J.: 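First the structure, which I've put down as C-alpha cells, then a few questions once you've had a look.
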Amino acid sequence: MFLLYEYDIFWAFLIISSVIPILAFLFSGILAPISKGPEKLSSYESGIEPMGDAWLQFRIRYYMFALVFVVFDVETVFLYPWAMSFDILGVSVFIEALIFVLILIVGLVYAWRKGALEWS
C-alpha cells in the first residue's frame with residue numbers, strides 16, 4: 001500500500017528549498033536601491049575605467065574547451081559512486097563503466113583530431 005506520510009520529509013524539503021530562493025529574490029527586489037545613473041550602467045572592469053564596448057565576440061575555442069571540461073567533469077561525477085561501491089556491484093557493472101569510459105575516450109580522440117583542443 002502506498003503511504004503518503006512516508007514522504008513528508010521529502011515534501012517539506014521540496015517546499016522549503018523552493019520558498020527560500022523565492023523569498024531571497026523578493027527581498028532583494030524590495031530592499032535594493034533603484035538608481036540608474038551613468039556609473040551604474042557602465043561595465044565593470046576590476047576598478048579600471050572601461051575601454052570600448054562591453055559586448056565582445058569571443059572565439060569559439062573558449063566554448064570548445066569549456067564543453068570538453070564539462071563532459072569530463074560530469075564523467076567523474078558519474079564514476080565516483082561507481083568506484084565507491086565497486087566491490088558490491090560486480091563484473092557486469094565494471095563492463096558497463098568500461099564502455100562508458102571508452103565512449104568518452106572516443107569523443108576525446110575525435111575532438112583532438114578535429115583540432116578542438118589546440119589553443120593556437
Side-chain angles (χ1 to χ4, degrees):
M1 181 173 175
F2 181 70
L3 300 174
L4 194 58
Y5 68 87
E6 291 179 357
Y7 293 98
D8 287 346
I9 293 174
F10 169 76
W11 292 115
F13 179 76
L14 185 67
I15 290 170
I16 290 171
S17 64
S18 299
V19 167
I20 289 175
I22 291 171
L23 288 177
F25 278 117
L26 287 175
F27 286 145
S28 69
I30 294 170
L31 299 176
I34 300 172
S35 61
K36 299 217 182 212
E39 190 69 29
K40 180 75 172 179
L41 296 175
S42 70
S43 61
Y44 179 74
E45 295 183 5
S46 303
I48 302 171
E49 285 294 323
M51 297 183 307
D53 194 15
W55 296 99
L56 299 174
Q57 186 173 6
F58 289 101
R59 293 177 53 197
I60 190 69
R61 190 128 353 250
Y62 294 115
Y63 299 110
M64 295 300 293
F65 270 85
L67 186 62
V68 170
F69 169 76
V70 167
V71 165
F72 285 97
D73 195 42
V74 170
E75 172 194 4
T76 59
V77 169
F78 283 136
L79 287 179
Y80 184 74
W82 169 81
M84 290 292 106
S85 58
F86 174 71
D87 55 343
I88 300 169
L89 297 175
V91 177
S92 65
V93 176
F94 175 73
I95 294 171
E96 291 175 9
L98 189 63
I99 292 170
F100 177 68
V101 170
L102 287 175
I103 291 171
L104 288 171
I105 289 173
V106 167
L108 178 64
V109 169
Y110 176 77
W112 200 337
R113 294 239 174 146
K114 283 293 206 178
L117 301 178
E118 294 177 10
W119 193 255
S120 60

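All figures in this text were calculated on a predicted structure; none of them were measured in a lab. The first residue of the sequence shown is numbered 1, and numbering continues consecutively from there.
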J.: Between side-chain atoms of residues 14-23 and protein atoms elsewhere (two or more places apart, or another chain), which donor-acceptor pairs fall under 3.5 Å?
T.:
residue: S17; atom: OG; partner: F13; partner atom: O; Å: 2.8
residue: S17; atom: OG; partner: L14; partner atom: O; Å: 3.1
residue: S18; atom: OG; partner: L14; partner atom: O; Å: 2.8

J.: Is the number of heavy atoms from other residues, nucleotides or ligands under 6.0 Å of L31 CG greater than 12?
T.: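 It does: L31 CG has more than 12 such atoms within range.
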
J.: State which residues pass side-chain contact (heavy atoms from CB on, under 4.5 Å) with D73; sequence neighbours excluded, sorted by chain then number.
T.: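 Expected list: F69, T76.
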
J.: Under the ring pair (Phe, Tyr, Trp, His ring centres under 6.0 Å) rule, collect the residues that match up with W112, sequence neighbours excluded.
T.: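 Testing W112 for ring pair (Phe, Tyr, Trp, His ring centres under 6.0 Å), a comparison that skips the adjacent residues, returns none.
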
J.: Among Ile, Leu, Val, Met, Phe, Trp and Tyr joined by side-chain contacts under 4.5 Å, find the other residues sharing a cluster with M84 and list them by chain and number.
T.: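 ILVMFWY cluster around M84 also holds Y80.
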
J.: Who pairs with F78 by ring pair (Phe, Tyr, Trp, His ring centres under 6.0 Å), at least two apart in sequence or on another chain?
T.: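 Counting only residues at least two positions away or on another chain, F78 forms no ring pair (Phe, Tyr, Trp, His ring centres under 6.0 Å).
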
J.: Out of curiosity, does Y63 fall in the hydrophobic cluster containing L67 (side-chain heavy atoms, cut-off under 4.5 Å, transitive links)?
T.: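 In one cluster: no.
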
J.: Just list the side-chain donor-acceptor pairs under 3.5 Å for residues 96-111, sequence neighbours left out, or say none.
T.:
none

